[in-house]
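Taking it in order: structure first as structure tokens, then the write-up.
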Amino acid sequence: MERWRIIRAFTLGPLLEATVPKPGNVNRYRDFGDLTIYNFLFADTAVIGVYYEAVKTAELLRKGILSFSEAGIGDLIKRAVQASREAQDANPNFGVIALSVPLIMGLTMGRNMLDAREKARLLIEESTVRDSMEFYRAIRIANPKGIPSGVKYDVYSDESFRELFRDGINLARLAEMSCERELIFCEWLNGYDLSYSTFGRLYDLIKEMPLEDAVVGAFLELLTEKEDTLIVRKAGRREADLVRRKAREVLNGKLSLQEFDAFMREEGDLRNPGSLADIMAVSLSLLALRGLRMEIRNGKVWGVIGRP
């Protein structure tokens, strides 16, 4: 697959995700006190150079010049996070980067979009302990909210690097231990099941409604189906379950979208569904890669697949 087509798609997807007015998230109408739409604009464009390197590395993997264990996924993720941090002062896209780098490489190596899932999963399986160490350094740079301390392989303990090396913990083993706490890791292990199913849902919805309505609709469905792991880490499982119930009320017509958004923002960013927003960003990237373009119809932006 052509390298710049992949890079463009994985730049546009997160920008669309951040722009669309989804409940509880930063968007073109709403900011948080410490995170704005501008953080996303600066961060999501700052990583383009590293994404280009990921594509070039994957081309060497495809040709057999490098082995999968030499892919350096952890280092690529760390350098993308560093580039993001140098461009702005918050953590708007750590999860998107961690999801995107393996998938971008898988798309470069794969025969098609479906084959890319298997290639990305193999990259995670064949990763090394050094990849995990670099991934830990990336987490320290991004400093996401809700990361537990005092646990085994504590990200913020220098002892963890020795423990990772001693126990041979590569990204796959790290994901197995952490899947329950973060959706990113589940996606690494299951071949991006949720990202691809959401992409499929978006593909159907954009045929029926304007682009923003399709994205919000798909996001509401995500919120009812999956517990947002960022909300769990920040606010606890009870709050995460409450968000799911409220989202279901919106879909059932018992609660307006505006009322739901107000509920989501009652406690600042405590109910911000960041993990599912990361999934949406990757799903929109896949939609862009599939050929998404826009048309204006009666003052509304519609998403269209294919050439005019």
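Nothing fancy with the numbering, it's 1 onward along the sequence.
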(request) Inspect the surroundings of CZ in R290 and state if more than 12 heavy atoms from other residues, nucleotides or ligands are less than 6.0 Å away. (result) no

(message) Taking the basic N atoms (NZ, or NE/NH1/NH2) and the acidic carboxylate oxygens, is any pair closer than 4.0 Å for E212 and R28?
(response) yes

(request) For atom CD1 of I65, decide whether the heavy atoms of other residues, nucleotides or ligands shown that lie under 6.0 angstrom number more than 12. (result) yes

(request) Using a strict 4.0 Å threshold on nitrogen-to-oxygen distance, state whether E159 and R162 make a salt bridge. (result) yes

(request) Taking D228 for its side chain and L276 for its backbone only, find out whether a donor-acceptor pair lies under 3.5 Å. (result) yes

(message) Could you check whether any side-chain N or O of E118 sits under 3.5 Å from a backbone N or O of L114, counting only pairs where one atom can act as donor and the other as acceptor?
(response) no

(message) Please enumerate all residues that pass side chain to side chain contact (heavy atoms under 4.5 Å, CB included) together with L289, with sequence neighbours excluded.
(response) M1, R5, I6, A9, L107, M113

(message) Is there a side-chain contact between N39 and D89 in this structure, where contact means two heavy atoms from C-beta onward sitting under 4.5 Å apart?
(response) yes

(message) Same cluster or not: F42 versus F10, using hydrophobic residues (I, L, V, M, F, W, Y) connected whenever any side-chain heavy atoms lie under 4.5 Å apart?
(response) no

(message) Between D75 and R130 (salt bridge meaning N to carboxylate O under 4.0 Å), is one present in this structure?
(response) no

(message) Just checking K207: does its NZ atom have more than 12 heavy atoms from other residues, nucleotides or ligands closer to it than 6.0 angstrom?
(response) yes

(message) I'd like to know if D241 and R237 make a salt bridge, using a cut-off of under 4.0 Å between side-chain N and carboxylate O.
(response) no

(request) Decide if atom OH of Y156 counts as having more than 12 heavy atoms of other residues, nucleotides or ligands within a radius under 6.0 Å. (result) yes

(message) Tell me whether R8 at atom CZ has more than 12 heavy atoms from other residues, nucleotides or ligands lying less than 6.0 Å away.
(response) no

(request) Check salt bridge (charged side-chain N to carboxylate O under 4.0 Å, His left out) between R244 and all other residues, then give those that pass, not counting sequence neighbours. (result) none

(request) In plain terms, say whether E259 and K246 are close enough for a salt bridge, that is, a side-chain N and a carboxylate O under 4.0 Å apart. (result) no

(request) Indicate yes or no: at least one non-hydrogen side-chain atom of L194 is less than 4.5 angstrom from one of E187. (result) yes

(message) Counting C-beta onward and ignoring hydrogens, is there a side-chain heavy-atom pair between W4 and V55 closer than 4.5 Å?
(response) no

(message) For F32, I'd like to know if atom CZ has over 12 heavy atoms of other residues, nucleotides or ligands within 6.0 Å.
(response) yes

(message) Assess whether a salt bridge exists between D167 and R173, defined as any Lys/Arg side-chain N lying under 4.0 Å from an Asp/Glu carboxylate O.
(response) no

(message) Within the supplied structure, the quantity of interest is the number of heavy atoms (other residues, nucleotides, ligands) at a distance under 6.0 Å from R297 CZ; does it exceed 12?
(response) yes

(request) Flag yes if V301 and I37 sit in one hydrophobic cluster, no otherwise; membership is Ile, Leu, Val, Met, Phe, Trp, Tyr, and two members link when side-chain heavy atoms are under 4.5 Å apart. (result) no

(message) Between D261 and R30, does any side-chain N to carboxylate O distance fall below 4.0 Å?
(response) yes

(request) Please indicate whether R166 has more than 12 foreign heavy atoms, meaning atoms of other residues, nucleotides or ligands, lying under 6.0 Å from its CZ. (result) yes

(request) Kindly indicate, with the supporting measurements, whether the criterion side chain to side chain contact (heavy atoms under 4.5 Å, CB included) is fulfilled by N27 and V20. (result) CA-CA 6 Å; N27 57 62; V20 172; over 6 Å; no

(message) Regarding N93 and D278, do their side chains bring together a donor and an acceptor under 3.5 Å, going by distance alone?
(response) no

(message) Between E182 and R233, does any NZ, NE, NH1 or NH2 come within less than 4.0 Å of an OD or OE carboxylate oxygen?
(response) yes

(message) With a 4.0 Å cut-off on N to O distance, would you call E239 and R271 a salt bridge?
(response) yes

(request) Please list, chain by chain and in numerical order, all residues satisfying ring pair (Phe, Tyr, Trp, His ring centres under 6.0 Å) with F185, sequence neighbours excluded. (result) F135, W188

(request) Answer whether the closest heavy-atom distance between the side chains of R248 and K254 falls below 4.5 Å. (result) no

(message) In the structure I gave you, are the side-chain heavy atoms of N272 and K145 within less than 4.5 Å of one another anywhere?
(response) no

(message) Keeping S127 on the side-chain end and N170 on the backbone end, is there a donor-acceptor pair under 3.5 Å?
(response) no

